[in-house]
Amino acid sequence: MKQTTRFALMAAACATLFYTACTKQDAPSNADQTSPRAVTAKSGPISVMYVEVNNNNLLNVGCYSLKKSGAPFFDYAIIFAANINYDATAHKAVLYNNPNVTKVLTNKATYIQPLQAKGIKVTLSILGNHQGAGIGNFTSRAAAADFAQQLADAVNTYGLDGIDFDDEYADYGNNGLPQPNDSSLILLLSELRSRLPGKTISIYNIGVAASYGSYGGHTIGEYANYAWNPYYGSYSVPATPGLTKAQKGPAAVDVTSTSSSTSTSFAQRTVSDGYGVMLFYNLTQTSIASYLQGTSKALYNDSVVAPAGCSQPWTSQ
């Protein structure tokens, strides 16, 4: 997935997720309890970073911590992105990992486990790939269950903390496949949740997720932990049924194009409005420690530190 294509569809903003320091009644019921956390917890919303692993090193998410508490600034590192492809022989949706995603996953001891050891959860984003297959056009529970099993196998094989869904670039209709329907997403989420009861499921609230958040008396909130605004540089509350304010991120920020003052403003608004997620995108090798200072003060009343030389380049496959 080309980085420039994603930039063309979205503009920047930020969204926040509650950290484990929130009270028990505020914590999402589906929250993942399986991965290690930082020894010193932080209070306030949690921060999520998407990393384009075709171009950038996932490990850079772990370079940023809070000065007073020592907790990581980012709570989630999302591998962007695996794909939903269409197998014309088997006539079904299949999970595809390009060479760079494969490099991260198969070298989990190098790229995934060091982040988890710092208390950062690592999840895999699932994105369309112009082949007509997507999260929005499963036509039966059996088909949704088959793909959910593929995702669960990946999570268990690579020691991931969950799955993120991004309904872009599916190009519904290609390969003679159907357009989105109102049951597909709910079927997929319910099947995945049954297979990953303790893991995180998040929703990038675009495409089918923004249109079909409920079906047959069931909602996204029964199965997903979080949903966030997909349009960078804007502040917009996701209209995802069944999720609480603590599980929603209205602010989305692209750290390469959204100004630091806008990021700070979004962070202040996220806290004052009582939302639980701040979303960031496009971490590169260039340090963003200075960029994050105002945002960190607003979210955590703490400053950000990043050791010199921590950020590393990426050798793409």
Side-chain angles (χ1 to χ4, degrees), residues 1-2 5-6 9 53-54 78-106 108 123-197 199-216 218-220 222-225 227 230 317:
M1 181 64 224
K2 289 186 178 179
T5 306
R6 188 173 176 90
L9 286 184
V53 298
N54 283 344
I78 301 184
I79 302 166
F80 189 79
N83 296 105
I84 305 178
N85 280 8
Y86 179 64
D87 185 329
T89 301
H91 303 289
K92 69 176 187 176
V94 293
L95 178 63
Y96 170 73
N97 300 317
N98 74 24
N100 291 297
V101 173
T102 298
K103 177 181 176 179
V104 173
L105 295 177
T106 57
K108 61 184 179 181
T123 67
L124 181 64
S125 186
I126 309 301
L127 186 72
N129 201 19
H130 311 285
Q131 297 183 13
I135 65 174
N137 64 347
F138 293 107
T139 57
S140 69
R141 180 171 290 277
D146 181 87
F147 190 66
Q149 187 61 56
Q150 295 178 54
L151 297 178
D153 289 344
V155 168
N156 293 326
T157 297
Y158 302 115
L160 298 169
D161 295 298
I163 292 292
D164 173 72
F165 289 112
D166 182 347
D167 188 33
E168 299 179 271
Y169 316 115
D171 290 355
Y172 293 111
N174 281 356
N175 287 309
L177 296 177
Q179 293 297 317
N181 63 71
D182 60 355
S183 64
S184 179
L185 178 62
I186 297 301
L187 292 177
L188 177 61
L189 291 176
S190 65
E191 291 295 331
L192 184 61
R193 175 54 69 200
S194 70
R195 289 163 172 78
L196 299 176
K199 299 292 186 176
T200 296
I201 300 174
S202 60
I203 304 292
Y204 192 81
N205 194 47
I206 198 169
V208 70
S211 302
Y212 301 118
S214 61
Y215 175 76
H218 300 282
T219 66
I220 284 176
E222 290 182 50
Y223 311 110
N225 301 83
Q317 298 300 289

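We count residues from 1, following the sequence as given. Every heavy atom of this structure was used, including side-chain atoms; hydrogens, water molecules and symmetry mates were not. This one's a predicted model, so the numbers in the text were calculated from it and none came from an experiment.
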Next item on the list: Could you tell me the separation between the NE2 atom of H218 and the CG atom of L185, rounded to the nearest 0.5 Å?
Entry: 13.5 Å

Checklist line | With sequence neighbours excluded, residues passing side-chain contact (heavy atoms from CB on, under 4.5 Å) with S140 | finding: A142, A143

Next item on the list: Kindly say whether L95 contributes a backbone atom to a donor-acceptor pair with the side chain of Q150 at under 3.5 angstrom?
Entry: yes

Margin query: Minimum heavy-atom separation for S125 and F80, please, with both atom names.
Written below: OG-CD1, 3.7 Å

Margin query: Are the side chains of N174 and Q131 in contact, using a 4.5 Å heavy-atom criterion?
Written below: no

Margin query: What's the separation between atom CD1 in I186 and atom OH in Y215, rounded to the nearest 0.5 Å?
Written below: 10.5 Å

Note to self: Between N175 (side chain only) and L177 (backbone N and O only), is there a donor and an acceptor less than 3.5 Å apart?
What the structure shows: no

Item checked: Pairwise distance CD1(I84) to CZ(F138) - rounded to 0.5 angstrom -> 5.5 Å

Item checked: Side-chain touch L151/L124, heavy atoms, less than 4.5 angstrom -> no

Next item on the list: List the atom of I79, the atom of V104, and the distance in Å for their closest heavy-atom pair.
Entry: CD1-CG1, 3.9 Å

Item checked: Check: P178 main-chain N/O paired with N137 side-chain donor or acceptor under 3.5 Å -> yes

Notebook entry, point to check: So, do S184 and V208 sit near enough that their side-chain heavy atoms are less than 4.5 Å apart?
Noted result: no

Note to self: Return the CD1 to CD1 distance between I203 and I135, rounded to the nearest 0.5 Å.
What the structure shows: 6.0 Å

Check: Is there side-chain contact between V101 and Q317, with at least one heavy-atom pair below 4.5 Å?
Finding: no

Margin query: Taking the side chain as everything from C-beta on, heavy atoms only, tell me whether L192 gets closer than 4.5 Å to F165.
Written below: yes

Note to self: Measuring only between side-chain heavy atoms, which start at C-beta, is N97 closer than 4.5 Å to T106?
What the structure shows: no

Note to self: What I'd like to find out is whether the side chain of I201 reaches to under 4.5 Å of the side chain of L196, using heavy atoms alone.
What the structure shows: no

Notebook entry, point to check: Quick check: does any side chain N or O of K199 sit under 3.5 Å from a backbone N or O of T123, one acting as donor and the other as acceptor?
Noted result: no

Margin query: Please find the pair of heavy atoms, one from R195 and one from A152, that lie closest to each other, and give the distance.
Written below: CB-CB, 3.8 Å

Note to self: Given 3.5 Å as the limit, does a donor-acceptor pair link the side chain of N83 with the main chain of G128, or not?
What the structure shows: yes

Margin query: On a heavy-atom basis, which atom in A209 and which in I220 lie closest, and how many Å separate them?
Written below: O-CD1, 3.8 Å

Next item on the list: Please name the pair of heavy atoms, one in A145 and one in E191, separated by the smallest distance, quoted to 0.1 Å.
Entry: CB-OE1, 3.5 Å

Next item on the list: Using a 4.5 Å cut-off on heavy atoms from C-beta on, say whether the side chain of Y212 contacts that of P180.
Entry: yes

Check: Can you name the salt bridge (Lys or Arg N to Asp or Glu O under 4.0 Å) partners of D146, sequence neighbours left out?
Finding: K92

Next item on the list: Say whether, by atom type as modelled, one donor and one acceptor occur between the side chain of E168 and the main chain of G207 under 3.5 angstrom.
Entry: no

Notebook entry, point to check: Would you find a donor on one side and an acceptor on the other, under 3.5 Å apart, between the side chain of Y204 and the backbone of P230?
Noted result: yes

Notebook entry, point to check: Closest heavy-atom contact between A133 and Y172?
Noted result: C-CE2, 4.4 Å

Next item on the list: Enter the distance from N85:CG to H130:NE2 here, rounded to the nearest 0.5 Å.
Entry: 10.0 Å

Margin query: Measuring from atom CG of D167 to atom CD1 of I206, what distance do you get when rounded to the nearest 0.5 angstrom?
Written below: 8.0 Å

